[in-house]
Amino acid sequence: MNLFLLAQVAPAAASEPVKKLNATEKALQQFWLDFWSMDWKLIDASEWLFVAKYYGLRAMFVVVLMILAWTLSGWLSSGVRRGLTRVRFDETLTKFISKLVRWGVLLLTGLTCLSYFGVETTSFAALIGAAGLAIGLAFQGTLSNFAAGAMLLIFRPYKVSDTVNIAGHLGKVNEIALFTTEIDTFDGRRVIIPNSSIFGAVIENITYHRSRRVDIEVGTEYSADIDQTRQALERAVAVVPQGLKDPPPAAVLLGLGASSVNWSVRVWANREDFGDAKQALIRAIKMELDRSQIGIPFPQMDVHIQSANGSEQAA
C-alpha cells in the first residue's frame, strides 16, 4: 500500500471517480488497520502525510461548517423568540422553543460532520427519533392545543369582541392565543378555554350576522278569540322601537297546549340592540294582552282541607 502514489495517480483517474473513491477508501481502511494493530513499521512517511492532508482538509471544512452553524442557529433562535414574543406567546415556552431550535440546528450539523468523517449516524438518527416520539407523547395535549389554535386563527370562526357560546361558556371573546381562547362572561368572569376543546366541538357565534331575531313564546287562555289575540300581538310588535321592518315581524300560532294556546312573537333587531329589543317586546306583549283583556294561563293548585267531622272545605 502506498497512499503517496495513489494521490499522484488521482488526477489521471478523474474520468473514473467511482474507482478512485473505492481505492481511497480501501487504502484508508488498510492504514487504520495497521495503525490500530500497532504495525506502524508498515506505514511510511508519505502515507502519514497523505492521511494528515486527507483528514486535515476535512477538519478545516468541519470547523468552518460549525462556525456557520453556530451563527445561523443564533439568528434562528433570536428570530423565533422575537416572533413568539410579538404574538404574546407564553414567555417560558418562548425561551424553551428558541433554545430548542438553536440546539437542534447544532445537533444536525454535528451529525453531518460525523458522517463526513465516515462515522455511521444511523444509531444517532434512531435515538433522535425515539426522543422525538417521547417528547411528542409528553406534549400531546399541548401540541393538540397548538394545532387547534392555528386552525382557529386560519379559518377564523370567530374574532375578538364576538359574542360566542363555546365549550359550554357564553361570553365575549377577549383574546385568541395559540393554546387558549379567553372570553369574558356577562357576569364579569374571565374564562380561559383550551383551543382543542373548542375546535373539536360546536362553535356558536352569536354576533356573526348584523341582525338577530328575538323570539318570545307566550300562551293565552282558550276562551280568547284567535284573531283578536293575533291582532294584539301584532300591535305589541309594532311598538318595539328597536324592531326592524325587514325582515318583517310576525305573530305565529304554534299549537294548542294542555292549558293554553301557544304563540311565538318574532321581531328582528340589530345585534347590538338585541337585549333592549327583547325587553321591550316582553313588556309590549304583556301590556297589549292586558289591554285586550286576554289572560295568560299559569299553573294553579286547589287545596282541599278535611275537618275532623268529615266535612271538606276548599281553599
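All values derive from a computational prediction rather than experimental measurement.
Under a 3.5 Å cut-off, the side chain of Ser77 and the backbone N or O of Ser73 do not form any donor-acceptor pair. Distance alone, capped at 3.5 Å, places no donor-acceptor pair between the Asp162 side chain and the Val164 backbone. At least one donor-acceptor pair closer than 3.5 Å links the side chain of Arg230 to the backbone N or O of Ala251. No side-chain donor-acceptor contact under 3.5 Å links Thr185 to the backbone of Gly171.
Nearest heavy-atom pair, Leu254 versus Arg266, reported as atom, atom and distance to 0.1 Å: CD2-NH2, 4.2 Å. Here the closest heavy-atom approach between residue Pro297 and residue Gly219 is recorded as CD-O, 3.4 Å. Counting all heavy atoms, side chain and backbone alike, Leu281 lies closest to Ala236 at CD1-O, 4.4 Å. Closest approach of Ser197 and Ile193 over heavy atoms only: CB-CG2, 4.3 Å. When every heavy atom of Ile294 is checked against every heavy atom of Ala224, the shortest pair comes out as CG2-CB, 3.7 Å. Residues Asn145 and Ser196 come closest through the heavy atom pair OD1-OG, 2.5 Å.
Within the 4.5 Å cutoff, the side chain of Trp263 has heavy atoms near those of the Leu253 side chain. For the pair Leu289/Val218, a side-chain contact is recorded, criterion being any heavy-atom separation below 4.5 Å from C-beta on. Between Phe179 and Ile192 there is no side-chain heavy-atom pair separated by less than 4.5 Å. Using a 4.5 Å heavy-atom cutoff, the side chains of Arg235 and Ser292 are in contact. Looking at Arg212 and Ile206, their side chains come closer than 4.5 Å, going by heavy atoms from C-beta outward. In this structure, the side chains of Thr181 and Val191 stay at 4.5 Å or more apart for every pair of heavy atoms. Proximity of Tyr158 to Thr207: side-chain heavy atoms (C-beta onward) are nowhere separated by under 4.5 Å. Looking at Asn262 and Glu217, their side chains never come closer than 4.5 Å, going by heavy atoms from C-beta outward.
Ile198 and Ile176 fall within a single hydrophobic cluster, where Ile, Leu, Val, Met, Phe, Trp and Tyr side chains are chained together by heavy-atom contacts under 4.5 Å. In the hydrophobic clustering of this structure, Phe155 groups with Phe146; members are Ile, Leu, Val, Met, Phe, Trp, Tyr whose side-chain heavy atoms approach within less than 4.5 Å, directly or through other members. Leu244 and Val240 fall into different hydrophobic clusters, where Ile, Leu, Val, Met, Phe, Trp and Tyr side chains are chained together by heavy-atom contacts under 4.5 Å. Residue Trp268 is not grouped with residue Val214 when hydrophobic side chains (ILVMFWY) are merged at heavy-atom distances under 4.5 angstrom, including chains of intermediate members. Ile166 and Val202 are not part of a single hydrophobic cluster, where members link through side-chain heavy atoms under 4.5 Å apart.
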Point to revise | Steps toward side chain to side chain contact (heavy atoms under 4.5 Å, CB included) verdict (Met151, Asn195) | key: CA-CA 9 Å; Met151 299 300 288; Asn195 286 332; over 6 Å; no
Exercise for review: Might you work through the side-chain hydrogen bond (donor to acceptor under 3.5 Å, both in side chains) test for Thr163 and Arg271, ending with a clear yes or no?
Suggested key: CA-CA 10 Å; Thr163 300; Arg271 59 189 177 190; over 6 Å; no
Practice item. Go through Thr109 and Met66 one step at a time and tell me if the side chain to side chain contact (heavy atoms under 4.5 Å, CB included) criterion holds. Key: CA-CA 7 Å; Thr109 305; Met66 290 300 299; 3.5 Å; yes
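Summarising the geometry, atom NZ belonging to Lys278 is positioned 5.0 Å from atom CD1 belonging to Ile216; distances are rounded to the nearest 0.5 Å. In this structure, OG1 in Thr229 is found 11.0 Å from CD in Glu234, a value given to the nearest 0.5 Å. One distance of note links CG of Leu72 with CG of Leu65; it measures 10.0 Å at 0.5 Å rounding. In this structure, Gln242 CD and Glu272 CD are separated by 10.5 Å, a value rounded to the nearest 0.5 Å. Distance check, rounded to the nearest 0.5 Å: NZ of Lys286 to CG of Asp290 gives 3.0 Å.
Among Val173, Asn174, Val160, the single residue meeting the side-chain contact (heavy atoms from CB on, under 4.5 Å) criterion with Glu182 is Asn174. Residue Asp184 forms a side chain to side chain donor-acceptor pair (under 3.5 Å) with just one option from Arg189, Lys172, Arg190, and that option is Arg190. Of the residues listed (Leu170, Ile203, Ile183), the one engaging Asn165 in a side-chain contact (heavy atoms from CB on, under 4.5 Å) is Leu170, and it is the only one.
Annotation for Phe186: atom CZ counts as buried by contact number, over 12 foreign heavy atoms lying within 6.0 Å.
Between Trp103 and Trp70, the angle of the ring planes goes over 60°, which puts this pair in the perpendicular group of the 30/60° scheme.
With sequence neighbours left out, Arg156 forms a side-chain contact (heavy atoms from CB on, under 4.5 Å) with Lys159. For the side-chain contact (heavy atoms from CB on, under 4.5 Å) test, residues two or more places apart in sequence or in another chain that qualify with Tyr208 are Asn205.
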